[in-house]
2 protein chains.
Amino acid sequence: MNKSVGRLVSVLYRKNQVYLDIALSAYNITASEVAFITALYRKDGINQELLSQTLNIDKAATAKAIKSLETKGYVYRTKNASDRRANMIFISEYARSQKRGIYKELGKWTDFLTRDIEADKVETMFEVLNRMVEHLEKGFLPVWDDDEI
Amino acid sequence: MNKSVGRLVSVLYRKNQVYLDIALSAYNITASEVAFITALYRKDGINQELLSQTLNIDKAATAKAIKSLETKGYVYRTKNASDRRANMIFISEYARSQKRGIYKELGKWTDFLTRDIEADKVETMFEVLNRMVEHLEKGFLPVWDDDEI
DNA sequence: AGGAGATAGTTGAATTGTCAACTAATTTCG
DNA sequence: CGAAATTAGTTGACAATTCAACTATCTCCT
């Protein structure tokens, strides 16, 4: 058994992109954009900064994705009146109308991946993945040069 | 608990890249290159096609990574005499001399991620990730338009 | 033998995400 | 109050990866 988190996660990430780009092409959204959409289905009206934190993604990537989703009619933005630096991002009616179909495609992917694997083991995998992500959120593994303090 | 393989794997993949790019900068290699190096530590003399299959990565990405690693002195290539299309890729002596240090950095990352998580759960996570990758290797989830066959 | 199709590798275009630099607005606090 | 630091967002440069098109070589048939 291969014990490299890096390799396994790399394969899953890249194939996930390829699969979802195809599966979601009918919805005119990409694998990277769907992460923003699902976050906003859960809670919209939040700003880009919070969205970036939620997804653990660079704010530049968020800016680009939201701009694209706005063009495609999935989200709209309004300036926050009490903090005019911030955009509030909302899911459009159109996006809501596509929700069920999009989740169906996401579900198919997870079902395919976890097919024939015991449910309790899958559960444990989710738990461990979540805890590893929590470690990342809490604080990065510090990297020092050997001769710096 | 978040049950999206996509989101979790995405965070782990991207942070892994950022961390390793820093941690391995002393070795003049990147996070993506180190995957090729470790595969070649395990078995070198193989061609790019097999390397691509082993890492589940596009052959174009392999070509570019190997070219870069060759420039950096980590690998060298010789034409396979019995199949002159194919390159045989070998780890250099220099690469071997860096092996221990590189694995140390990789180990620090895994240790950080799995810190304070029960060993048997980590084991189960590896098992499930491996089986999911096997599903990918066996065959892609087919995608059809609803009105095709 | 020799042509059709398969295989190994390379190259260039497009996409995604990071970082750094920047603008604009807000908060802090001397 | 008002300058300095912080925060939200944007933009442009760069790296990694995929796909498609291409070359070269090899294998399989008849």
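Worth knowing before you read on, the calculation uses all heavy atoms, side chains too, and leaves out hydrogens, waters and symmetry mates. Below, chain A is the first sequence line, B the second, and so on; all start at residue 1.
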Atom CD1 of A:Ile57 and atom C1' of D:dT10: how far apart are they, to the nearest Å? 16 Å

Is any side-chain N or O of A:Ser32 closer than 4.0 Å to OP1 or OP2 of C:dG17? yes

Using a cut-off of less than 4.0 Å, is there contact between a side-chain N or O of B:Arg77 and OP1 or OP2 of C:dT10? yes

Side chain of A:Ala60 only, heavy atoms from C-beta on: which candidate in C:dG17, C:dA8, C:dA20 is closest? C:dA20

Do B:Leu40 and B:Phe90 belong to the same hydrophobic cluster, where Ile, Leu, Val, Met, Phe, Trp and Tyr are linked whenever their side-chain heavy atoms lie under 4.5 Å apart, directly or via other members? no

Does B:Arg84 place a side-chain N or O at less than 4.0 Å from the phosphate oxygens OP1/OP2 of D:dA24? no

How many Å lie between CE on B:Met88 and P on C:dA8, as a whole number? 14 Å

Write down the distance between NZ (B:Lys72) and C1' (D:dA15), rounded to a whole number of angstrom. 11 Å

Does a side-chain N or O of A:Gln48 approach OP1 or OP2 of D:dT7 to a distance below 4.0 Å, or not? no

Side-chain N,O (A:Tyr13) to OP1/OP2 (C:dG17) below 4.0 Å: yes

Is the shortest side-chain N/O distance from A:Asn87 to OP1 or OP2 of D:dT10 below 4.0 Å? yes

Contact class for B:Ala86 (heavy atom, under 4.0 Å): base, sugar-phosphate, or nothing? sugar-phosphate

Rounded to the nearest 0.5 Å, how far does CD of A:Glu137 lie from CG of A:Asn56? 4.5 Å

Take atom CG of B:Asn47 and atom C1' of C:dT7, then tell me their distance rounded to the nearest Å. 10 Å

Atom-to-atom span, CG of B:Leu51 to C1' of C:dT7 - whole angstrom: 16 Å

Quick check for you: among C:dG12, C:dG17, D:dT11, whose closest atom lies nearest to any side-chain atom of A:Ala61? C:dG17

Check: A:Lys64 side chain, D:dG9 base, donor-acceptor under 3.5 Å: no

Expressed as a whole number of angstroms, how long is the span from A:Asn16:CG to C:dT16:P? 13 Å

Name the nucleic acid region contacted by B:Thr62, choosing base, sugar-phosphate or nothing; use a 4.0 angstrom heavy-atom cut-off, strictly under. nothing

Shared hydrophobic cluster for A:Tyr76 and A:Tyr41 (ILVMFWY, side-chain gaps under 4.5 Å): no

C:dT11 phosphate, OP1 or OP2: any side-chain N/O from B:Lys67 under 4.0 angstrom? yes

Mind calculating the distance between CG (A:Asp58) and C1' (D:dG9) to the nearest angstrom? 11 Å

Any salt bridge linking A:Lys108 with A:Glu105? Criterion: basic side-chain nitrogen under 4.0 Å from a carboxylate oxygen. yes

Between A:Asp21 and A:Ala81, just flag the one whose closest nucleotide in DNA chain C comes earlier from the 5' side. A:Asp21

Are the side chain of A:Thr114 and the backbone of A:Ile117 linked by a donor-acceptor contact shorter than 3.5 Å? no

Basic-acidic side-chain contact under 4.0 Å: B:Arg96, B:Glu93: yes

Looking at C:dT16, I'd like to know if its phosphate oxygens (OP1 or OP2) sit under 4.0 Å from a side-chain N or O belonging to A:Thr30. yes

Any side-chain N or O of A:Tyr19 below 4.0 angstrom from OP1/OP2 of D:dT18? no

Rounded off to whole Å, could you give me the CG-to-P distance for the A:Asp83 and C:dT28 pair? 12 Å

Base D:dT7 to side chain A:Arg85, donor-acceptor N/O within 3.5 Å cut-off: yes

